[in-house]
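Bear in mind that the values here come from a model prediction, so they are computed numbers and not experimental data. In this chain, numbering begins with 1 at the start of the sequence shown.
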Amino acid sequence: MNRNSEATLSVRDLIVDIPTRHSVLRPVDRVSFDIAPGEILGVVGESGAGKSMTGNAVIGLLTRPAHIASGEIWLNGDRIDHLQGEPMRRLRGKQIGMVFQDPLTSLNPLLTIGDQLRETILEHLDVSKDEAHQRAIDGLKEVGIPAAEERIDAYPHQFSGGMRQRVVIALALCAEPSFIIADEPTTALDVSVQAQIIALLRRLCRERQTAVMLITHDMGVIAEATDRVAVMYAGRLAELGPTKDVLTDPKHPYSIGLMGSTPLASAGKERLTQIEGAMPRLDSLPDGCAFHPRCEHARERCRQNPEPRLEAYQNRAACWFVEDLYL
Ligand SMILES: Nc1ncnc2c1ncn2[C@@H]1O[C@H](COP(=O)(O)OP(=O)(O)O)[C@@H](O)[C@H]1O
Ligand SMILES: [Mg+2]
């Protein structure tokens, strides 16, 4: 598969393995996608689908024994999948911003938020201390922290959860990265705050043309914030396409079930559809298509052959019978 040189991030045939005493688990299996400048790609799927593993592989934060077994990751035209240690850490600080579910994991409880912002800015941008201070204040204002001039001297625990996540977004953006990864950024927040944080992330990344990988199990967040969406199932991409198309006209039987069991997407329909069964564990993946035991359309071919793979820029599903069934 060719890399798209226009994309900020290109992932090709990524495989993550976890060797165990008895076998090798494969939480990410030949995943490919691109994210363009200013584009928000959503990655959605049930818990355990491999979303975080994919994200952590991209930013070099897999914890052993999990490791990239093969595939390519390109960021701004440079291959980064082999980077480790200090070069990877520097790249994360400068070119990659990170927003995780719990804002406290991204913030040092012992430092004021001003210290943390100024330190990050000074490490990655060629500016004076005064300018770093001013940029830190501007960053806090941009994410909607009231009285930023005074609040800059506060410690993380002095902020509410929603305000803390705003600070994390300011911190993620302050070194002007070209790529942001946000893994369940609003899952720990009150529902009333979630939409504000998503809108903020979306607006700031649009303005800066930052590419965003937005990982979530929440179809509402996908609908609200993303341009394209990748549906993951058992470590594989089931479907990838423009969000509007995938939400209104899903092609993969799993996506169809997922949309059917989401109140938002099914509003107005007569009944909610449910997918029978559960996603398989990594140590007991079925032969053939990973979804076939739960698929009402499964045939002999699905039991015998792994599902076809998705190309990064095609809007279609990894299903042998997409054409027969849905076109
Ligand atoms: N250290 C580990 N050892 C074995 N399996 C793991 C480990 N960490 C995660 N997994 C498994 O990898 C799969 C993908 O996990 P993850 O990427 O966290 O899912 P998601 O983010 O989609 O909820 C899950 O089946 C999970 O149980
Ligand atoms: Mg996760």
Side-chain angles (χ1 to χ4, degrees), residues 9 11 14 16 27-28 31 33 35 39-63 66 92 96-107 143-144 156 159-173 177 179-205 210-240 243 246-247 254-255 258-259 261-265 278-279 282:
L9 180 78
V11 174
L14 179 67
V16 173
V28 180
V31 164
F33 57 86
I35 311 180
E39 182 179 51
I40 304 184
L41 176 76
V43 180
V44 73
E46 288 166 89
S47 174
K51 306 182 296 295
S52 295
M53 280 279 178
T54 304
N56 289 342
V58 166
I59 58 180
L61 285 183
L62 289 175
T63 44
R92 269 201 301 275
I96 302 174
M98 294 174 290
V99 183
F100 294 114
Q101 177 168 341
D102 177 3
L104 288 177
T105 59
S106 310
L107 297 170
V143 297
F159 291 82
S160 68
M163 284 294 155
R164 259 197 303 261
Q165 199 62 307
R166 288 177 190 262
V167 172
V168 170
I169 291 173
L171 193 62
L173 287 169
F179 172 57
I180 290 249
I181 185 159
D183 191 342
E184 306 277 3
T186 59
T187 303
L189 303 178
D190 290 348
V191 177
S192 59
V193 181
Q194 288 183 1
Q196 295 168 14
I197 296 291
I198 288 296
L200 176 71
L201 194 64
R202 187 183 159 95
R203 176 171 64 77
L204 294 179
C205 293
T210 315
V212 182
M213 179 175 176
L214 176 57
I215 296 173
T216 178
H217 68 280
D218 185 335
M219 207 57 75
V221 169
I222 293 292
E224 202 65 39
T226 65
D227 302 300
R228 288 189 305 139
V229 60
V231 180
M232 278 194 87
Y233 186 81
R236 304 148 195 213
L237 288 187
E239 182 157 358
L240 178 60
T243 302
V246 176
L247 288 183
Y254 176 63
S255 318
L258 207 59
M259 301 317 152
S261 55
T262 302
L264 180 98
M279 195 169 57
L282 292 178

- Message: Determine whether a donor-acceptor pair (N or O, by modelled atom type, separation under 3.5 Å) exists between the side chain of T243 and the backbone of D227.
- Response: yes
- Query: Should we count CD of E184 as having more than 12 external heavy atoms under 6.0 Å?
  - Reply: yes
- Item | Value rounded to 0.5 Å, distance of OG1 in T186 from CG in L201 | 9.5 Å
- Search all heavy atoms of A278 against all heavy atoms of Y233 and return the closest pair with its distance. O-OH, 4.1 Å
- Message: Looking at every heavy atom in both V16 and M53, which two are closest together, and how far apart are they?
- Response: CG1-SD, 4.3 Å
- Query: In Å and rounded to the nearest 0.5 Å, what is the CD1 to CD1 distance from I222 to I198?
  - Reply: 9.0 Å
- In this structure, CG of L61 is separated from CG of D183 (nearest 0.5 Å) by 10.5 Å
- Message: If you define the side chain from C-beta out and look only at heavy atoms, does anything of T210 sit under 4.5 Å from L204?
- Response: no
- Query: For D218, what residues pass the salt bridge (Lys or Arg N to Asp or Glu O under 4.0 Å) criterion, not counting sequence neighbours?
  - Reply: none
- Beyond-backbone contact of F179 with I59, side-chain heavy atoms, under 4.5 angstrom: yes
- Query: Between Q194 and L189, is there a donor-acceptor pair closer than 3.5 Å when you use the side chain of the first and the backbone of the second?
  - Reply: yes
- Message: Once rounded to the nearest 0.5 Å, what's the spacing between atom SG of C205 and atom CD1 of I180?
- Response: 5.0 Å
- Message: Contact between L104 and P156 at the side-chain level, heavy atoms closer than 4.5 Å - yes or no?
- Response: yes
- Query: Does the side chain of V246 reach to within under 4.5 Å of the side chain of M259, using non-hydrogen atoms?
  - Reply: yes
- Task: State the CZ-CG distance between R202 and L214, to the nearest 0.5 angstrom.
- Result: 10.5 Å
- Item | Between CD1 on residue I181 and CD1 on residue I215, distance to nearest 0.5 Å | 4.5 Å
- Can you list every side-chain hydrogen bond (donor to acceptor under 3.5 Å, both in side chains) pair that touches residues 97-107, not counting sequence neighbours? none
- Considering all heavy atoms of both residues, which atom of G161 and which atom of P103 are nearest to each other, and what is their separation? O-CG, 4.0 Å
- Query: Hey, does V212 have a side-chain heavy atom less than 4.5 Å from the side chain of I35?
  - Reply: no
- If you take all heavy atoms of L247 and A223, which pair is closest and at what distance? CD1-CB, 3.5 Å
- Where is the tightest heavy-atom contact between G97 and P177, given as atom of each residue plus distance? N-CB, 3.7 Å
- Message: Given 3.5 Å as the limit, does a donor-acceptor pair link the side chain of Q165 with the main chain of P185, or not?
- Response: yes
- Task: Check whether any side-chain N or O of K51 sits under 3.5 Å from a backbone N or O of M232 as a donor-acceptor pair, and report yes or no.
- Result: no
- Evaluation steps, side chain to side chain contact (heavy atoms under 4.5 Å, CB included), between M213 and F33: CA-CA 10 Å; M213 179 175 176; F33 57 86; 3.9 Å; yes
- L240 and L41, any side-chain heavy atoms less than 4.5 Å apart: yes
- Item | Heavy-atom pair of closest approach, residues A230 and L237 | CB-CD2, 3.8 Å
